Undergrad: 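Structure incoming, see below.
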Amino acid sequence: MNIAIVIHTSSGHTLKFAQAIRDKLVSLGHEVDLTGLRTIGTVNTGIIPLVRVNFSIKNPPELEEFDTVLVGGPVWGFKASPVIMRYLIEDVQNLKGKRALSFVTMSLSGGGRALRMMNGELEAAGAEVLEGEALKSFFMPKDLKLSAPVERICGRVCGQ
Ligand SMILES: Cc1cc2nc3c(=O)[nH]c(=O)nc-3n(C[C@H](O)[C@H](O)[C@H](O)COP(=O)(O)O)c2cc1C
């Protein structure tokens with residue numbers, strides 16, 4: 001399979017998770033393209049909703065060539081990353097015939113809501129959405145328990 005992984009990461013937790021997913025999928029014989037979204041401008045963290053800031057995404061990847069699309073990001077203010085949401089809303093229009101899966105990292109809570117937000121956009125674009133994963137990064141990086149969620153994601157992606 002040709003698989004895209006598109007993430008937003010600020011402090012690197014989601015990147016570590018994404019790299020572990022990529023490494024596992026590559027070891028299973030898949031082609032994997034991992035992109036970290038880069039932004040210009042100030043991203044509103046969602047913590048102070050009235051602050052007027054704006055940003056754009058420098059490098060939104062095209063997804064046409066991929067069979068499966070994974071999107072990941074941090075939970076901010078009990079919601080999905082505004083960068084991932086902007087990418088999904090503005091740059092991802094047609095995922096018909098593709099499978100998709102969301103994953104998030106968070107300190108403690110808000111992952112379920114963040115996954116629902118991301119999955120809503122993936123469904124709206126026509127993807128078949130697989131069950132996602134929310135990983136607690138509170139004890140990162142030393143104690144991050146990556147292997148079980150990575151196995152679950154790769155199992156779903158590979159149809160096991
Ligand atoms: C602005 C901001 C808001 C956050 N809000 C939440 C939150 O609502 N719930 C939570 O569990 N963690 C929250 N966190 C922690 C991050 O979700 C967590 O550290 C995540 O793993 C960071 O991922 P990253 O290193 O890929 O950026 C927040 C962090 C930041 C910087």
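Atoms within each ligand, like the ligands themselves, are counted from 1 in listed order. Atom set for the values below is all heavy atoms of this structure, side chains included, hydrogens, waters and symmetry mates excluded. Counting begins at 1 with the first residue of the sequence. The structure presented is a predicted model; accordingly, all values stated were derived computationally and were not measured.
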Undergrad: Using a strict cut-off of 4.0 Å, indicate which atoms of ligand 1 neighbour a heavy atom of G77.
TA: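 With G77 as reference, the close atoms of ligand 1 come out as 3 (C), 4 (C), 5 (N), 6 (C), 7 (C), 8 (O).
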
Undergrad: Considering the heavy atoms of S10, write down every atom of ligand 1 situated less than 4.0 Å from one of them.
TA: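 Listed by number with element: 24 (P), 26 (O), 27 (O).
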
Undergrad: Could an N or O of ligand 1 be found under 3.5 Å from any N or O of H13, whether backbone or side chain?
TA: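 Checking ligand 1 against H13, an N or O pair does fall under 3.5 Å apart.
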
Undergrad: Could you list which atoms of ligand 1 come closer than 4.0 Å to a heavy atom of T9?
TA: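 Heavy-atom distances to T9 below 4.0 Å select 24 (P), 25 (O), 26 (O), 27 (O).
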
Undergrad: Out of E151, E133, R99, which one pairs with R156 under the side-chain contact (heavy atoms from CB on, under 4.5 Å) rule?
TA: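 The option that passes is E133.
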
Undergrad: Heavy atom to atom 4 (C) of ligand 1, shortest distance: which of L108, V75, T14 holds it?
TA: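 Closest candidate by heavy-atom distance is V75.
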
Undergrad: Would you indicate which of F78, W76, F17 comes nearest to atom 3 (C) of ligand 1 when only heavy atoms are counted?
TA: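 Heavy atom nearest to atom 3 (C) of ligand 1 belongs to W76.
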
Undergrad: With heavy atoms of T105 as the reference, note each atom of ligand 1 found under 4.0 Å away.
TA: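 By the 4.0 Å cutoff, the relevant atoms are 17 (O), 20 (C), 21 (O), 22 (C), 23 (O).
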
Undergrad: Quick one: look at S109 and ligand 1, take heavy-atom pairs under 4.0 Å, and tell me if it's side chain, backbone, both or neither.
TA: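 The backbone, only.
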
Undergrad: By the definition side-chain contact (heavy atoms from CB on, under 4.5 Å), identify the one residue from I57, L37, T39 that meets it with R86.
TA: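 Going through I57, L37, T39 one by one, the side-chain contact (heavy atoms from CB on, under 4.5 Å) with R86 is satisfied by I57 alone.
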
Undergrad: Return yes when G110 approaches ligand 1 closer than 4.0 angstrom through a heavy atom, no otherwise.
TA: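 No heavy atom of G110 comes that close to ligand 1.
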
Undergrad: Counting only N and O atoms by type, is there a donor-acceptor contact under 3.5 Å from the side chain of N59 to the main-chain atoms of R38?
TA: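 Yes: the side chain of N59 pairs with the backbone of R38.
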
Undergrad: I would like to know whether C158 and H30 meet side-chain contact (heavy atoms from CB on, under 4.5 Å); could you show each step before the answer?
TA: CA-CA 10 Å; C158 300; H30 301 290; 3.4 Å; yes

Undergrad: Got a salt bridge between E128 and K98, using NZ or NE/NH1/NH2 to carboxylate O under 4.0 Å?
TA: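 Salt bridge: no.
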
Undergrad: Flag yes if more than 12 heavy atoms outside E31 fall under 6.0 Å of its CD atom; otherwise flag no.
TA: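 No, not enclosed.
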
